[in-house]
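Worth knowing before you read on, the calculation uses all heavy atoms, side chains too, and leaves out hydrogens, waters and symmetry mates.
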Amino acid sequence: MSYFPLFMELKDRDCLVVGGGRVAWRKVKVLMDFGARVSVVAPEIIPEIGELVPVQLLEREFLDTDVQGRTLVVAATDNEVLNRRISGLCQEHGIPVNAVDQTQDCSFIFPAYVKQGEVVAAFSSGGQSPVMTQYLKAQIKPVMTKELGELAACLGSIRDVVHSSVRTEGARKHLYEELLQLGLHKGENPETEEIWNVMKKYMEQE
């Protein structure tokens, strides 16, 4: 069965990664890319994890209480039994958990993704084929430019004024589509005057 593609807000949320090796390091980087506050617990933690500031380092054995209050948990140790135990604890407390390379012990999985600003494209094969998801990631990368992320931010910045000034949902949709095409054609954000000229056209519609 395929996984439901849920996007979760992680900014300033407490997340836990159990494990101190290269696999844990990769997961920490992903979580930090989305603004999470990350704690890492393991008896030994590689220096690369310590260089990812700010990360809370807990250089000791995992304790059951470590999962309390976490938004999500990643079990990234090389001990399959420990990973399964962590997964069980999280599921008892309703905490989303990923046990690396143990799909049966996961309530969520990490997709391959491309991120530009607030725009994110993510791909999953349900854990069946990482090669496939990396292929899809490579295909979308040329489209997911820095300019696209900036254009999305531009359109987002005018949402309130558009909603209050343009009466119907259909007109607002066409307005955003026109501004999107304008920005894509220019290769940069529309100027304020260009945005206003497009808006005036739709503000006049009943």
Check your understanding: When rounded to the nearest 0.5 angstrom, what distance separates CG in L182 from CD in E188?
Key -> 9.5 Å

Review point. Quick one: does V55's side chain get under 4.5 Å of V17's, heavy atoms only?
Key: no

Check your understanding: Could you go step by step and tell me if V40 and W25 meet the side-chain contact (heavy atoms from CB on, under 4.5 Å) rule?
Key -> CA-CA 9 Å; V40 176; W25 171 69; over 6 Å; no

Exercise for review: Determine whether C154 and L179 make a side-chain contact, defined as any pair of heavy atoms from C-beta on separated by less than 4.5 Å.
Suggested key: no

**Study point:** Selection residues 46-57 - residue pairs positive for salt bridge (Lys or Arg N to Asp or Glu O under 4.0 Å), sequence neighbours left out
**Key:** R22-E48

**Study point:** Interatomic distance, H163 atom NE2 to R159 atom CZ [nearest 0.5 angstrom]
**Key:** 9.0 Å

Point to revise | Residues in side chain to side chain contact (heavy atoms under 4.5 Å, CB included) contact with D78, at least two apart in sequence or another chain | key: none

Check your understanding: Say you draw a straight line from OG of S87 to CG of L82; how long is it, rounded to the nearest 0.5 Å?
Key -> 11.0 Å

**Study point:** Q134 versus A112, closest heavy-atom pair with distance
**Key:** NE2-CB, 3.8 Å

**Study point:** Side chain to side chain, Y202 and V162, heavy atoms closer than 4.5 Å
**Key:** no

Review point. Quick one: ring-ring contact (aromatic ring centres under 6.0 Å, His included) pairs with a partner in residues 59-83, sequence neighbours left out?
Key: none

Study note, to complete from the structure: Residues T71 and C15: closest non-hydrogen pair is CB-SG, 4.4 Å

Point to revise | Which residues share a ring-ring contact (aromatic ring centres under 6.0 Å, His included) with F110, sequence neighbours left out | key: F108

Check your understanding: What closest approach, in Å, do G19 and A24 show between heavy atoms, and which atom pair accounts for it?
Key -> O-CB, 3.1 Å

**Study point:** Selection residues 54-69 - residue pairs positive for salt bridge (Lys or Arg N to Asp or Glu O under 4.0 Å), sequence neighbours left out
**Key:** R60-D66, D64-R85

Check your understanding: Any side-chain heavy atom of L175 sitting closer than 4.5 Å to one from M199?
Key -> yes

Check your understanding: Should V18 and I95 be counted in the same cluster of Ile, Leu, Val, Met, Phe, Trp and Tyr side chains packed under 4.5 Å apart?
Key -> yes

Point to revise | Residues that E193 engages under side chain to side chain contact (heavy atoms under 4.5 Å, CB included), provided they are two or more places apart | key: N197

Exercise for review: Name all residues meeting the ring-ring contact (aromatic ring centres under 6.0 Å, His included) criterion together with Y135; count only those two or more places apart in sequence or in a different chain, and write none if there are none.
Suggested key: none

Review point. Same cluster or not: are I86 and I45 linked, directly or through other Ile, Leu, Val, Met, Phe, Trp or Tyr residues, by side-chain heavy atoms under 4.5 angstrom apart?
Key: no

Practice item. Apply side-chain hydrogen bond (donor to acceptor under 3.5 Å, both in side chains) to R26 and list each qualifying residue two or more places apart in sequence or on a separate chain. Key: none

Exercise for review: Check the pair E169 / K173 against salt bridge (Lys or Arg N to Asp or Glu O under 4.0 Å), numbers first and verdict last.
Suggested key: CA-CA 6 Å; E169 182 180 348; K173 180 175 182 290; over 6 Å; no

Check your understanding: If you look at every heavy atom in G94 and P96, which pair is closest and at what distance?
Key -> O-CD, 3.7 Å

Check your understanding: If Ile, Leu, Val, Met, Phe, Trp and Tyr residues are connected whenever their side-chain heavy atoms lie under 4.5 Å apart, and connections chain through other members, are I140 and L151 in the same group?
Key -> yes

Check your understanding: After noting the C-alpha distance and the side-chain angles of L184 and L148, does the key distance pass the side-chain contact (heavy atoms from CB on, under 4.5 Å) rule?
Key -> CA-CA 8 Å; L184 293 174; L148 194 66; 3.9 Å; yes

Point to revise | Inter-residue atom distance S124.OG - M132.CE, 0.5 Å rounding | key: 11.5 Å

Review point. Mind checking what makes salt bridge (Lys or Arg N to Asp or Glu O under 4.0 Å) contact with E178, not counting sequence neighbours?
Key: K201

Point to revise | Intermediate values then yes/no, side-chain contact (heavy atoms from CB on, under 4.5 Å), L72 and L31 | key: CA-CA 10 Å; L72 63 79; L31 294 174; 3.9 Å; yes

Check your understanding: Quick one: do V30 and F123 end up in the same hydrophobic cluster if we chain Ile, Leu, Val, Met, Phe, Trp and Tyr together by side-chain heavy atoms under 4.5 Å apart?
Key -> no

Review point. Crowded around K186 NZ? As in, over 12 foreign heavy atoms under 6.0 Å?
Key: yes

Check your understanding: Under the 3.5 angstrom rule, does the side chain of S107 hit a backbone N or O of V97 as a donor-acceptor pair?
Key -> yes

Check your understanding: What are the two closest heavy atoms between T133 and P130, and how far apart are they?
Key -> OG1-O, 2.8 Å

Review point. So, E147 side chain and G187 main chain: donor-acceptor pair closer than 3.5 Å or not?
Key: no

Revision key, fill the gap. So side-chain hydrogen bond (donor to acceptor under 3.5 Å, both in side chains) across residues 29-46, not counting sequence neighbours, yields D14-R37, D33-Y113, S39-Q56, S39-R70

Point to revise | Contact list for residues 114-123, test salt bridge (Lys or Arg N to Asp or Glu O under 4.0 Å), sequence neighbours left out | key: none

Check your understanding: What pairs meet the side-chain hydrogen bond (donor to acceptor under 3.5 Å, both in side chains) rule with one or both residues in residues 95-104, with sequence neighbours excluded?
Key -> N83-Q102, Q102-D105

Point to revise | Verify same cluster id: L136, V120 (apolar side-chain graph, 4.5 Å) | key: no

Review point. Once you round to the nearest 0.5 Å, how far does CD of Q116 lie from NZ of K141?
Key: 9.5 Å

